[in-house]
Amino acid sequence: MERRDRVLGFLTEARATQSVAENRYLRGPVSYLTVLDAQQARFQAEVNPVLVDPAVLTDRAGLHSDVAVNILKYGYKLDSFTRLKPLRKLPIFT
């Protein structure tokens with residue numbers, strides 16, 4: 001989630017940068033190329049959250065898969081929503 005927060009922060013900054021560039025262009029001290037550069041950066045910042053979300057979901061799916069494999073491997077069953085109950089004793093505790 002830190003990565004998503006950084007990407008969203010970058011998006012906010014890119015929008016502000018484009019706004020500043022447009023205002024400066026209207027007053028005359030910068031060329032339109034500066035506005036286009038800021039706009040391009042903002043467009044890239046708009047795409048980044050779309051690229052981050054699938055990565056987060058893939059990581060979560062991998063984590064859930066690992067947990068399920070360990071549950072099956074060591075013979076645990078779900079006793080309730082919050083607890084796992086062993087079906088047999090683990091070899092290290094016998």
Side-chain angles (χ1 to χ4, degrees):
M1 297 316 271
E2 285 180 29
R3 183 176 175 193
R4 180 169 172 66
D5 292 340
R6 285 188 311 226
V7 167
L8 293 177
F10 176 66
L11 176 58
T12 303
E13 291 173 12
R15 287 177 178 161
T17 300
Q18 182 183 0
S19 177
V20 169
E22 288 171 352
N23 289 335
R24 290 180 69 193
Y25 172 72
L26 292 174
R27 288 184 307 198
V30 298
S31 69
Y32 194 67
L33 186 58
T34 304
V35 175
L36 292 176
D37 286 340
Q39 189 177 45
Q40 183 181 15
R42 195 204 84 211
F43 288 156
Q44 182 60 43
E46 295 276 353
V47 170
N48 286 342
V50 175
L51 300 175
V52 169
D53 287 339
V56 169
L57 294 175
T58 301
D59 291 346
R60 285 184 184 172
L63 176 64
H64 290 292
S65 174
D66 292 343
V67 169
V69 166
N70 284 329
I71 288 172
L72 293 174
K73 182 178 178 182
Y74 293 111
Y76 281 74
K77 70 174 185 173
L78 291 174
D79 193 19
S80 67
F81 287 107
T82 58
R83 294 177 28 199
L84 292 174
K85 182 178 179 182
L87 294 174
R88 59 179 163 50
K89 291 183 179 181
L90 295 176
I92 57 174
F93 297 116
T94 57

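Keep in mind that this is a model prediction, so the values were computed, not measured. Any value given below was found using the heavy atoms of this structure, including those in side chains, with hydrogens, waters and symmetry copies removed.
With a 6.0 Å radius and a threshold of 12 heavy atoms from other residues, nucleotides or ligands, Q40 has its CD atom at or below the threshold.
Interatomic distance, S31 OG to D37 CG, rounded to the nearest 0.5 Å: 8.0 Å.
Side-chain contact annotation: Q18 with E22, donor-acceptor N/O pair under 3.5 Å present.
Tracing side-chain contacts under 4.5 Å through hydrophobic residues (I, L, V, M, F, W, Y), one reaches V35 starting from L26; they form part of the same cluster. Connection of V20 to V30 is not established within any shared hydrophobic cluster, with ILVMFWY side chains joined at heavy-atom distances below 4.5 Å, either directly or through further cluster members.
Although no hydrogens or angles enter the test, the distance criterion places a donor-acceptor pair under 3.5 Å between the side chain of T17 and the main chain of E13.
When side chains are defined from C-beta on, F10 does not count as touching R6, because their heavy atoms never get closer than 4.5 Å.
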